[in-house]
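To start, the structure under review is shown below, and the notes come after it.
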There are 2 protein chains.
Amino acid sequence: MSNINDVARLAQVSKATVSRVLSGSRGVKEESRQAVLRAAEILNYKPNAIAQSLSSQSTNCIGVICATEHIQQSTGYLQALEKQLNQHQKHLLLRFANDHDSVAQAAQELSNGLCDALVVVGARFPLPELDDEIMLIDCLSGSHNLSIQCDHIFAAETAVHYLCNQKRRQIALINFASGEAAALTLEGYHQALHNHVVPFNRQLVIDDESSVRIALQRLINRGVKFSALLVTDDTQAQEAVMMLNQYQLTVPEQVMVFSLDGSSRMPGSNAIPAIKYPLESIARRAVELLLGERHTSDLVRGSLLIA
Amino acid sequence: MSNINDVARLAQVSKATVSRVLSGSRGVKEESRQAVLRAAEILNYKPNAIAQSLSSQSTNCIGVICATEHIQQSTGYLQALEKQLNQHQKHLLLRFANDHDSVAQAAQELSNGLCDALVVVGARFPLPELDDEIMLIDCLSGSHNLSIQCDHIFAAETAVHYLCNQKRRQIALINFASGEAAALTLEGYHQALHNHVVPFNRQLVIDDESSVRIALQRLINRGVKFSALLVTDDTQAQEAVMMLNQYQLTVPEQVMVFSLDGSSRMPGSNAIPAIKYPLESIARRAVELLLGERHTSDLVRGSLLIA
DNA sequence: CTGTTAGCGCGTTCAG
DNA sequence: CTGAACGCGCTAACAG
C-alpha cells in the first residue's frame, strides 16, 4: 500500500500539500492540485484510516453491543443502525452480548480508543453500570443520560384499547420480568383498563417470569379465563400461540394474542396484532443524538399493526 | 484518558519499560514491573488500540460484508463469526450489502487500513471482482482463492434421496437463478434421480427466476404434477408453503417442501425438512483460514434435519 | 535490565 | 501558496 510520501514524491510536492489537497483542499495552486490528484490516482492511494485516527484523535467507529435474546428483533436494529452510520461515514463495530457480564466485558474491551462511542441495543436484562456516554436503545434500564426508549405506557394502552374494542375484556398480561419497562407497561395496562371501566384482576398478570412458556402455564394453572393475551414481543407471541394450541385454545378465536413489540416481523407472524416501532427513525434519531453534542433522551411511540 | 507517558512518570520508569510490562513482559525487574502494574491500575490505563495498530501495522479488525437478502440466515453467521473472532481477540466491523455495487463500495471503503481482512457472507448475487485476500462464505461465486462453500451437490443428493424414500418421485426444483451453486445443485439433483432410476423431467426445474412466488406460479402453470418441491433456503420454503396453501395444495400431504438450507431456523418452520449446515464450525473454520497463512478453500456438508 | 531514539502515516502549525 | 518540523501513542532496535 502506498503512503502519503509516495504520492508527494511522484507529484513533486511535499506531504503537506498532498494532505491539503485530499482533505482541506483550499489554498493550493491548481497546478500542484492536479499533480497530486494524478499521482494519487496512479498509485491508487488511500489515506490510511488508522494514521488519520491517531492524528485526529477520533476513529470513525461506533461500537454496538447487541443483545441476542431476541435476535430477529436486534437484526432489524442492526441494519437500520448500519445504514444511518454509513450515511455519516461512520463504521459499525459489532459485539454480541446476552447478559450482564458479557455487556460489561464488551464495554471494557471497546473502551480503548477504538470507538468514538458505544451503543447497547435491545438488552432485556439488568445492565451493568455504564459510562454516561454510552447510549441505550430499547433497553430495560430507565434512568440513563443518553437513551431511546419505547413508550411502553402508550403501547400497553393502545393494545388494551384495541382489544376492548374487539369485545375482549379479560386481558392477560405476561410482562417483562423486571425493570422500568415492566412498571410502565403495567401502568399503561392499568390506565387503559380503567378508561374502559374494566376491573383490574391481579390474577391475569404475570410479571416475575422470564420464560413465556412457564408464565403461560402458570396463567392457565390459575384457572382464570382470558380472551386476550398481551406479551412483550413477537418471539414470545409465537411461543404463546403454539402453546395455546397445545392446550386446545384456538387463536385468535378463543384467545387473541397481542405483541407489544412487533418490529422487524418474520414471515408467518402476520396474523398476530402488534405494536410496531419505526426502526429506521429510531436509528436515525440514535445516530443524531450520538453524533450531536446534546446529551438527551428520546421516547418513541409505536403504531398499531394488524394483518 | 491517560497514556503511556502518564504511567511511565507515575511508575518512575520509561515508556519502553511500561510497554514491555504490558506487552512482552519479559526481562523486566520484578520491582519495576510491580510499579508499572500499580501505576496502570491507579490511572486505569488502557493501551490505545489505534496507536498500537499504527505501530504494529495491523488493526485487529476483520471487515464483514453481510448480505441482507436472507437476513435471518445471515444473522446466524454474524453471531457465529463474532464469537469466533472474539475468541481470537479480533473485532468485527460490520457492513450490510444487498447487491453487486454495494459490495464493491463496501469493499473499497474498508480497504484503507482499517481492516486486516475482509469477509463476504451469504451473497446470493454475482459479486464484483474482489481482491484474492477476501474470503467468501456461502456465496454463489465458485472459483475464489479463499472461500467456504456449502456442498450443494451433496445437499441436493441428500434431499432427493430422502424424498424418494418417502415415495415422492416427482420432485420439483426451484434452483438458484445463477452461479456455480446452481449448477452444482442441479448436478446433485440429477445424480440422485439417476440413482433412483427416476427419469429427469426438465419441466420440473426452474432455474432462471429470482422470485420464488413467480417461479412457483410458472411451475404450476405448466400443469406438471409434483409431490415434492426443493427450494434453496428457508425463506423461500416459507413463501412456497404459503403459496401452495393458496392453491389449495396441502403441505406436506400433497406436496412436501424441502429446504436445501435450513441453517438458523426461525420458530415455526420446524415442519419443513431441510439440510442444516453447522454455523459454528463454518465460522470456526473461516476464522482459522483467515488468520492462518494458508490460503485454501473448504467445502462443508450439511446434515438432514427433520422435525 | 533499562532508557533513548527512531519510526508507523497523517494532520497541522509556522515560517518562508 | 508551500515545505520543514512536530505531535498523536505506542513498539522495536539499539545502546548503555
Side-chain angles (χ1 to χ4, degrees), chain A residues 1-40 42-61 89 91 109-116, chain B residues 1-40 42-61 89 91 109-116:
Chain A
M1 207 54 183
S2 55
N3 66 19
I4 200 172
N5 285 308
D6 302 331
V7 179
R9 200 176 314 126
L10 182 57
Q12 310 260 40
V13 296
S14 73
K15 305 190 311 180
T17 300
V18 175
S19 177
R20 274 189 276 260
V21 171
L22 273 49
S23 309
S25 195
R26 62 185 173 210
V28 179
K29 202 203 307 174
E30 186 58 22
E31 191 178 321
S32 26
R33 189 183 141 72
Q34 290 302 332
V36 168
L37 291 177
R38 210 173 318 127
I42 293 173
L43 297 175
N44 187 28
Y45 167 72
K46 305 270 173 230
N48 183 299
I50 296 297
Q52 284 182 315
S53 297
L54 183 59
S55 183
S56 67
Q57 292 293 75
S58 101
T59 75
N60 284 312
C61 291
Q89 325 262 37
H91 295 291
E109 294 182 19
L110 292 177
S111 302
N112 47 15
L114 228 176
C115 301
D116 290 338
Chain B
M1 208 50 184
S2 55
N3 64 21
I4 200 173
N5 284 308
D6 301 330
V7 178
R9 201 176 313 126
L10 182 56
Q12 311 261 37
V13 296
S14 73
K15 304 193 310 183
T17 300
V18 175
S19 177
R20 275 190 275 260
V21 171
L22 272 48
S23 310
S25 195
R26 62 185 173 209
V28 179
K29 203 204 304 174
E30 186 58 22
E31 192 178 319
S32 24
R33 188 182 142 72
Q34 291 301 332
V36 168
L37 291 178
R38 210 174 318 129
I42 293 174
L43 297 175
N44 187 29
Y45 167 71
K46 304 271 173 231
N48 184 298
I50 296 297
Q52 284 182 315
S53 298
L54 183 59
S55 183
S56 67
Q57 294 292 75
S58 101
T59 73
N60 285 312
C61 291
Q89 325 261 38
H91 295 290
E109 295 183 19
L110 292 177
S111 301
N112 46 16
L114 228 176
C115 301
D116 289 339

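Predicted model only: the values in this text are computed from it and were never measured. Each chain gets a letter, A, B and so on, in the order the sequences are listed, and its residues count up from 1.
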Any donor-acceptor pair under 3.5 Å linking the side chain of [X] with the backbone of [Y]?
X	Y	answer
A:Ser32	A:Lys29	yes
B:Asn3	B:Asp6	yes
A:Ser19	A:Lys15	no
A:Ser53	A:Ala49	yes

Could you give the start and end, 5' to 3', of the contact zone on DNA chain D for chain A, using atoms under 4.0 Å from its heavy atoms?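 Span of nucleotides near chain A: D:dC1 to D:dG9.
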
If I take atom [atom1] in residue [X] and atom [atom2] in nucleotide [N], what distance separates them, rounded to the nearest angstrom?
X	N	atom1	atom2	value
A:Leu43	C:dG9	CG	C1'	15 Å
A:Leu22	C:dC10	CG	P	10 Å
A:Lys15	C:dT13	NZ	P	15 Å
B:Arg20	C:dT2	CZ	P	8 Å
A:Tyr45	C:dC10	OH	C1'	7 Å

Work out which heavy atom in B:Glu109 is nearest to a heavy atom in A:His91; give both atom names and the distance.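 It is O-CE1, 4.2 Å.
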
Where B:Val36 and B:Thr17 come nearest, the two heavy atoms and their spacing: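 Looking at all heavy atoms of both residues, the closest pair is CG2-CG2, 4.4 Å.
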
Sequence neighbours left out, what passes side-chain hydrogen bond (donor to acceptor under 3.5 Å, both in side chains) with A:Gln52? Give chain and number order. none

Check each residue of residues 1-10 of chain B for a non-hydrogen atom within less than 4.0 Å of any atom in DNA chain D, then write out the ones that pass by number, or none.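 The stretch gives B:Asn3, B:Ile4 as the residues lying under 4.0 Å from the strand, ordered by number.
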
Assign [X] to base, sugar-phosphate, or nothing according to its heavy-atom contacts below 4.0 angstrom with the strands shown.
X	result
B:Val13	sugar-phosphate
A:Ser56	nothing
A:Ser53	nothing

Axis-to-axis angle across the helix from C:dC1-D:dG16 to C:dG16-D:dC1, five pairs an end, to 10 degrees? 50°

Taking side chain to side chain contact (heavy atoms under 4.5 Å, CB included) as the definition, give me every residue that meets it alongside B:Glu30, ordered by chain and number, with sequence neighbours left out. B:Arg33, B:Gln34

Qualifying residues under side chain to side chain contact (heavy atoms under 4.5 Å, CB included), relative to A:Asn60, sequence neighbours excluded: A:Ser58, A:Lys90, A:Asp116

Presence of A:Ser55 side-chain N/O under 4.0 Å of C:dG11 phosphate oxygens OP1/OP2: no

With respect to the phosphate group of C:dG9, does any side-chain polar atom (N or O) of B:Gln57 fall under 4.0 Å of OP1 or OP2?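 Yes, within the criterion.
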
Is any side-chain heavy atom of [Y] closer than 4.5 Å to one of [X]?
X	Y	answer
A:Ile50	B:Gln57	no
B:Leu37	B:Leu22	yes
B:Asn48	A:Asn112	no

Find which nucleotide of DNA chain D each of A:Arg33 and B:Ala16 is nearest to by heavy atoms, and output the residue with the more 5' nucleotide. A:Arg33

Closer to the 5' end of DNA chain C via nearest nucleotide, is it B:Lys29 or A:Gln52?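 It is B:Lys29, whose closest nucleotide lies nearer the 5' terminus.
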
